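Take a look at the structure set out below.
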Amino acid sequence: MSKKITITSWNINSVRARIGIVEDFLKQEAPDILCLQETKVADDLFPRDKFEEWGYHHMAINGQKMHHGVATLSKIPFTDVEKFDWQANGEARHIGVTLPSGVRLENVYIPAGGDVADRELNPKFGQKLDFFARMTEWSKTLKSPTIVTGDFNVAPLPSDVWNHKQLLKVVSHTPIEVETMDILKAAGNWTDIGRKFIEDPERLFTWWSYRAKDRLASDRGRRLDHMWVTPELVDKVVSHHISEYCRDWEKPSDHIPITSEFNF
DNA sequence: ATGGCTGGTAGAACCAGA
């Protein structure tokens, strides 16, 4: 018997500051599983009681004070919680679980990489590339059908940014980042669900800067958030959508939720 | 005019995000 499951990924930019809009989103779309990034909270201060109240009884949390942090909140039980340190510096950027169907769900927050696209001048850029390289090695060892989702901090296609030419030197869309992410994609034979359903070159953004005065007037967006699956799962994804309306709520995250529906 | 804002933490003319 097959079972429908919806999974959302959302870089929330502080789960505590946005607990109200998290509730609004969950009430509106009610995904079975919510993968958050940039929770910005130590595990003992995570608002577990709220998710408990909303029916997300199963929580896998990997946070730290101030920065980063990921959490997977689920109505469905899971097992085998793992935390990978693909950054190799202890930062909380990954949490993975195994769903009842045996599918692995990996929730990741890939580093932004700083301002300068040069690892000599900017160590954070090197850390970002090295993070991808470690994920690439991991991709070669997968034993189960796997979903990897989260804030990848790279907009790979020209149609994933508001202006390809202008962003070629801007971290998130530089050729070296796109090439590095393509190597990861090939290593796991990953399928990009976003672009399976909303095909290139259609406009598809998941992030807009807070600094734009009028988000939609300038529409300077980028597609930084992704959901990828291994080959066994490609035909099990029945739909995918983004929730752009969330970017226009009061005190929004700068990222919007992305959601896929699976038929396991 | 892609940093113009935002959050966390400190108690900064900070730091980090992307």
Side-chain angles (χ1 to χ4, degrees), chain A residues 9-22 36-47 50 61-71 87 89-94 108-119 121-132 150-178 180-181 194 203-226 242 244 246-258:
Chain A
S9 173
W10 194 6
N11 178 319
I12 195 62
N13 186 15
S14 173
V15 67
R16 288 178 296 175
R18 297 196 211 293
I19 198 70
I21 63 169
V22 171
L36 296 176
Q37 302 88 36
E38 280 208 84
T39 51
K40 293 189 173 178
V41 62
D43 292 352
D44 56 330
L45 295 173
F46 192 93
K50 297 287 188 185
I61 298 167
N62 183 16
Q64 63 182 83
K65 196 176 174 180
M66 288 257 285
H67 299 304
H68 325 308
V70 291
Q87 176 96 323
N89 70 352
E91 289 179 3
R93 293 179 174 277
H94 166 269
V108 67
Y109 174 46
I110 296 177
D115 285 327
V116 182
D118 180 330
R119 68 158 73 229
L121 300 172
N122 168 25
K124 285 184 184 176
F125 192 73
Q127 282 184 319
K128 182 178 193 176
L129 299 179
D130 294 344
F131 193 109
F132 273 108
D151 179 0
F152 289 23
N153 268 314
V154 174
L157 301 171
S159 57
D160 291 333
V161 295
W162 65 278
N163 186 317
H164 170 59
K165 225 173 184 174
Q166 245 174 281
L167 285 169
L168 279 171
K169 287 184 177 160
V170 175
V171 172
S172 72
H173 193 62
T174 63
I176 179 72
E177 288 170 276
V178 173
T180 302
M181 189 155 108
R203 168 189 175 282
L204 184 58
F205 303 149
T206 66
W207 173 90
W208 294 258
S209 170
Y210 283 124
R211 303 193 193 202
K213 208 183 295 174
D214 184 335
R215 178 187 77 83
L216 275 175
S218 50
D219 198 26
R220 293 180 170 182
R222 303 179 203 170
R223 186 169 73 108
L224 303 178
D225 302 273
H226 301 275
I242 62 170
E244 193 168 331
C246 297
R247 186 62 182 79
D248 298 316
W249 279 346
E250 282 296 310
K251 302 253 283 170
S253 170
D254 44 358
H255 296 253
I256 59 168
I258 65 171

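Being a predicted model, the structure only gives us computed values, none of them experimental. All values below come from the heavy atoms of this structure, side chains included, with hydrogens, waters and symmetry mates left out. Below, chains carry the letters A, B, ... as their sequence lines are ordered, and counting in each starts from 1.
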Quiz item: Think A:Ser209 has a side-chain N or O under 4.0 angstrom from the OP1 or OP2 of B:dC5?
Solution: no
Starting the side chain at C-beta, find the nucleotide from [options] nearest to [X].
{"X": "A:Tyr109", "options": "B:dA18, B:dT6, B:dG8", "value": "B:dA18"}
{"X": "A:Arg18", "options": "B:dG7, B:dG17, B:dT9", "value": "B:dG7"}
{"X": "A:Trp207", "options": "B:dG7, B:dG3, B:dG8", "value": "B:dG3"}

Quiz item: If you look at every strand shown and take non-hydrogen atoms under 4.0 Å, does A:Arg16 touch a base, only sugar-phosphate, or nothing?
Solution: sugar-phosphate
Quiz item: For DNA chain B, what are the stems built from at least three Watson-Crick or G-U pairs in a row, each pair having both distances below 3.5 Å?
Solution: B:5-8 with B:14-17
Quiz item: Expressed as a whole number of Å, how far does the C1' atom of B:dA18 sit from that of B:dG4?
Solution: 14 Å
Quiz item: Roughly how far apart, to the nearest Å, are B:dA12 and B:dG7 at atom C1'?
Solution: 15 Å
Practice problem: Give a yes/no verdict on a cation-pi contact between A:Arg93 and A:Tyr109, requiring under 6.0 Å between NZ or CZ and the six-membered ring centre and an angle within 45° of the axis. | Solution: yes
Practice problem: Could you walk me through whether A:Ser172 and A:Glu177 pass the side chain to side chain donor-acceptor pair (under 3.5 Å) test, one step at a time? | Solution: CA-CA 7 Å; A:Ser172 72; A:Glu177 288 170 276; 5.7 Å; no
Exercise. Could you check A:Tyr210 against A:Val171 and say which one's nearest nucleotide on DNA chain B is further toward the 5' end?
Key: A:Tyr210
Quiz item: Between A:Val41 and A:His255, which is nearer to the 5' end of DNA chain B once each is assigned its nearest nucleotide?
Solution: A:Val41
Measure all distances between protein nitrogen or oxygen atoms and nitrogen or oxygen atoms of nucleotides 11-16 of chain B, and list the pairs falling under 3.5 Å.
none

Quiz item: What's the base orientation of B:dA10: syn (chi within 90° of 0) or anti?
Solution: anti
Quiz item: Does the pair A:Arg215/A:Glu244 count as a salt bridge with the N-to-O cut at 4.0 Å?
Solution: yes
Practice problem: Could you tell me which residues satisfy side chain to side chain donor-acceptor pair (under 3.5 Å) with A:Ser159, sequence neighbours excluded, listed by chain and number? | Solution: A:Arg195, A:Asp200
Quiz item: Do the rings of A:His164 and A:His173 sit parallel, tilted or perpendicular, given the 30° and 60° boundaries?
Solution: perpendicular
